[in-house]
Amino acid sequence: MTAGAYGAGMPNSSGATRYVAVLVRDRPAPAPPGVDAEEFRLAVIEDTYEVAAGLDLVTAAVVLSPPGQPGVAELTWPGTPVIGVGADPTPAAAAFAALAERGADQAALIAADAPDLPPLLIGKLFRPLGHADIAVCPAEDGGLVAVAAHLPLADWITGLDLDAPDAYEKLHAAAPARRSVATGPGWHRLRTLADIARLDPGLEGWPSTRALLSAG
């Protein structure tokens, strides 16, 4: 069992309490022909969650917006916080606020449709928070795959939406200084059937999604 699998807040070497949460919205990745849509939805979420759960010195969590989405809590390790939030002002802002209430000094959110996201990319988001308010992993074709930030969020960060095509541009436009936003390597999400071709069979991980695609 890894340190990131569960806990009440895991401090890192600098003393900051860090959470990494998967933000699950009601926009599931589309299943390819021959694959059950609900099974595929849960497989993609599970693999994305395992990215967070496998990280050291963080507390893994799941944030549901809207709350009460079936089957998701059962995918997690015992003790994993599963938090329901609304969309006011945005699911990302509500998720960060909920994590701050649990004692997080820094937190990362991962979009739930990134099953093959390399864990190293999440680590790279936390590193620049020594000088930046927020660090982002841009998504191919717009939006964000993941974002890490100091908590509570800086006042200038408003309307944060990982799904918005211009989320990256809006952050930079609103930032009070160039160094306020750090940018890490980009990655891809599963938002269309064509995106499935971007999954890299050579990468470790994403076993649940891989198994469904192989059987389909």
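Remember, it's a predicted structure, so these values are computed and weren't measured experimentally. These numbers come from the heavy atoms of this one structure, side chains and all, not from hydrogens, waters or symmetry mates.
- Not a single donor-acceptor pair under 3.5 Å links the side chain of Asp166 to the backbone N or O of Glu169.
- Counting heavy atoms from C-beta outward, Leu160 and Phe96 have side chains that approach closer than 4.5 Å.
- Leu171 has its side chain within reach of Trp156: a pair of non-hydrogen atoms, C-beta onward, lies under 4.5 Å apart.
- Taking CG of Leu55 as the reference point, atom CG of Leu120 lies at 10.0 Å (rounded to 0.5 Å).
- Looking at heavy atoms from C-beta onward, Val147 lies out of side-chain contact with Cys137 at the 4.5 angstrom threshold.
- At least one cation-pi condition fails for Arg102 and Tyr19: the charged atom is not both under 6.0 angstrom from the six-membered ring centre and inside a 45 degree cone around its axis.
- Note that CG of Leu42 and OH of Tyr49 are 14.5 Å apart. Values are rounded to the nearest 0.5 Å.
- In summary, Arg189 and Asp163 engage in a salt bridge, as defined by a charged side-chain N under 4.0 Å from a carboxylate O.
- Under the 4.5 Å side-chain criterion, counting only non-hydrogen atoms from C-beta, Arg41 is in contact with Val72.
- Side-chain contact between Trp206 and Thr48 is absent, with no heavy-atom pair separated by less than 4.5 Å.
- Residues Pro115 and Thr209 come closest through the heavy atom pair CB-OG1, 3.8 Å.
- Distance check, rounded to the nearest 0.5 Å: CZ of Arg127 to CG of Leu125 gives 10.0 Å.
- Salt-bridge annotation for Asp113 and Arg191: absent, with no side-chain N of the basic residue lying under 4.0 Å from a carboxylate O of the acidic one.
- Electrostatic pairing of Asp161 and Arg25 counts as a salt bridge here, judged by a charged N lying under 4.0 Å from a carboxylate O.
- With rounding to the nearest 0.5 angstrom, the CG atom of Leu144 is 9.5 Å from the OH atom of Tyr168.
- Rounding to the nearest 0.5 Å places CG of Asp116 at 6.0 Å from CG of Leu203.
- In this structure the side chain of Val44 never reaches within 4.5 angstrom of the side chain of Pro28, judged on heavy atoms.
- The shortest side-chain heavy-atom distance between Pro138 and Thr183 falls under the 4.5 Å cut-off.
- Rounding to the nearest 0.5 angstrom, the gap separating the CG atom in Leu129 from the CZ atom in Arg18 is 7.0 Å.
- Shortest non-hydrogen contact noted between Phe40 and Ala31 is CD2-CA, 3.6 Å.
- Between Ile83 and Leu99, the closest side-chain pair of non-hydrogen atoms falls below 4.5 Å.
- For the side-chain contact (heavy atoms from CB on, under 4.5 Å) with Leu64, the qualifying choice from Asp26, Val22, Val82, Leu23 is Val82, the only one to do so.
- In this structure a side-chain-to-backbone donor-acceptor pair under 3.5 Å is present from Ser180 to Ala177.
- Counted by atom type alone, Asp141 and His188 present zero donor-acceptor pairs between their side chains at under 3.5 Å.
- Closest heavy-atom contact between Gly86 and Ser65: O-OG, 3.4 Å.
- Ser214 places a side-chain N or O within donor-acceptor distance of the main-chain N or O of Arg210, the cut-off being under 3.5 Å.
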